[in-house]
Amino acid sequence: MDKVRANAADAVADIPDGASLAVGGFGLSGIPGVLIQALHAQGTTGLEVVSNNCGVDGRGLGVLLADRRIARVTGSYVGENKEFARQYLSGELEVELVPQGTLAERLRAGGAGIPAFYTPAGVGTQVARGGLPWRYRPDGRVALASPPRETRDFAGRAYVLEHGITTDFALVRAWRGDRHGNLVFRKSAANFNPLAATAGRITVAEVEQLVEPGELSPDEVHLPGIFVQRIVVLTPAEAADKQIEHLSLSTSSARGTVRA
């Protein structure tokens, strides 16, 4: 039952070229940066990634992207990463853009064993009709477009069929976890990490704080250990290494304070 691995390199050592990955995080919040760096260091390539976004230039999944290790991305957001946009528009990267709520539900459905579901998101758009560019040619023409989706009426309202997502592996980051794999996520890191974790056939979690079995109350566990196969404990420096995409400052004239 002890799922703790010696280090991140050991935890990702069997991820092969061409593997599919569900990766947690929201922007730079809650990204499994140590596991991503370990995967980059071992040279794995041709990856098919499912993630809300693809990190930023030089951080998160952006590290793998910059070295052409990612072949395909299923995500919601291209912004904040110029290299992502460049590779996509130049035909070097295949990208399936999905409405954010739909992506979350596709991951949740896959993890719950639900093969498909209907949603109103995307009805009347190219999401339903098909034709969204998945891959461009170098000359800017569309090389591969999304297929049309099945639509159906329920109670007089149109819905589009979406498929659940499962992946070979999942990489996630948690605030606390025990040796059995029970995890607790903190604030924004709880957005996509639990969903990505359930979608992976083998889930690897990096945790900031490791506790012994029984120390976590069942009421505070966000993800049961049955979904997690490997745990990597971060060093204090690794746990503290967090960045913000955009830091906004506001000055209070009444109190003369500056807040981040």
Side-chain angles (χ1 to χ4, degrees), residues 20-32 48-56 60-62 65 70 72-81 84-85 88 93-134 145-167 169-175 183-201 203 205 222-224 227 244-246:
S20 59
L21 300 176
V23 181
F26 190 79
L28 290 180
S29 177
I31 60 171
E48 297 186 3
V49 172
V50 181
S51 184
N52 178 59
N53 62 308
C54 205
V56 300
L61 287 169
L65 189 74
I70 299 176
R72 190 179 197 277
V73 174
T74 301
S76 294
Y77 185 53
V78 181
E80 312 303 333
N81 193 323
F84 187 160
Y88 175 43
L93 179 69
E94 186 173 316
V95 177
E96 180 182 358
L97 289 175
V98 182
Q100 191 171 82
T102 301
L103 179 62
E105 181 63 10
R106 287 181 68 186
L107 287 165
R108 190 203 68 80
I114 299 170
F117 60 92
Y118 286 96
T119 175
V123 170
T125 73
Q126 284 184 300
V127 170
R129 294 194 302 269
L132 282 172
W134 280 1
S146 66
R149 305 287 179 86
E150 177 186 335
T151 58
R152 185 174 173 182
D153 285 350
F154 293 93
R157 186 177 184 184
Y159 292 79
V160 61
L161 183 69
E162 294 282 359
H163 290 86
I165 292 175
T166 56
T167 58
F169 292 84
L171 305 181
V172 301
R173 181 174 181 139
W175 175 45
L183 302 180
V184 179
F185 302 95
R186 190 167 184 266
K187 298 186 176 180
S188 295
N191 281 339
F192 273 91
N193 273 302
L195 302 172
T198 64
R201 296 182 181 92
T203 294
H222 294 140
L223 186 76
F227 290 107
I244 300 172
E245 291 169 84
H246 294 288

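- By the side chain to side chain contact (heavy atoms under 4.5 Å, CB included) test, Thr203 pairs with Ala170, Val172, Ala197, Val228, Gln229, sequence neighbours left out.
- By the side chain to side chain donor-acceptor pair (under 3.5 Å) test, Asn52 pairs with Gln100, sequence neighbours left out.
- For residues 101-115, the set of pairs meeting the side-chain hydrogen bond (donor to acceptor under 3.5 Å, both in side chains) definition, not counting sequence neighbours, comprises Glu96-Arg106, Glu105-Arg108.
- When the options Thr74, Val98, Val73 are evaluated for a side-chain contact (heavy atoms from CB on, under 4.5 Å) with Val50, the one that passes is Thr74.
- The distance from atom CG of Leu183 to atom NE2 of His222, rounded to the nearest 0.5 Å, is 10.5 Å.
- Partners of Phe26 according to the ring-ring contact (aromatic ring centres under 6.0 Å, His included) rule, which considers only residues two or more places apart in sequence or in another chain, do not exist here.
- Under the rule for a side chain to side chain contact (heavy atoms under 4.5 Å, CB included), the partners of Ser51 that lie at least two apart in sequence or sit in another chain are Val23, Val49, Leu61.
- Listed here is the closest heavy atom pair of Val160 and Ala121: CG1-O, 3.3 Å.
- Annotation for Gly30 and Ala189: closest pair CA-CB, 3.7 Å, computed over non-hydrogen atoms.
- With sequence neighbours excluded, no residue satisfies salt bridge (Lys or Arg N to Asp or Glu O under 4.0 Å) with Arg186.
- Of all non-hydrogen atoms in Ala196 and Gly24, the two that sit nearest each other are CB-N, 3.9 Å.
- Here side-chain hydrogen bond (donor to acceptor under 3.5 Å, both in side chains) pairs that include residues 151-163, with residues two or more places apart or in two chains, are Arg149-Glu162.
- Between Phe227 and Pro194, the closest side-chain pair of non-hydrogen atoms is not below 4.5 Å.
- Residues Asn81 and Asn53 form no side-chain contact, since every pair of their non-hydrogen atoms from C-beta on lies 4.5 Å or further apart.
- Val184 approaches Ala174 most closely through the heavy-atom pair O-CB, 3.6 Å.
- Contact of the Leu107 side chain with the Ile165 side chain is registered, since non-hydrogen atoms from C-beta on lie closer than 4.5 Å.
- Listed by first then second residue, pairs satisfying salt bridge (charged side-chain N to carboxylate O under 4.0 Å, His left out) with a partner in residues 110-126 number zero, not counting sequence neighbours.
- To the nearest 0.5 Å, atom CZ of residue Arg201 and atom OG1 of residue Thr167 are 7.0 Å apart.
- With sequence neighbours excluded, the residues satisfying side chain to side chain contact (heavy atoms under 4.5 Å, CB included) with Ser146 are Leu132, Trp134.
- The residues Arg72 and Glu94 are annotated as salt-bridged, a charged nitrogen and a carboxylate oxygen being separated by less than 4.0 angstrom.
- In this structure Ser29 satisfies the side chain to side chain donor-acceptor pair (under 3.5 Å) test with no other residue, sequence neighbours excluded.
- The CG atom of Leu65 sits 13.5 Å away from atom OH of Tyr88, with the distance rounded to the nearest 0.5 Å.
- With sequence neighbours excluded, the residues that form a side chain to side chain contact (heavy atoms under 4.5 Å, CB included) with Ala190 are Phe185.
- Sequence neighbours left out, not one pair with a member in residues 119-129 passes side-chain hydrogen bond (donor to acceptor under 3.5 Å, both in side chains).
- Residues Gly110 and Thr166 share a closest heavy-atom pair of O-CG2, 3.5 Å.
- Taking each heavy atom of Pro99 and Ser76 in turn, the nearest pair found is C-OG, 3.8 Å.
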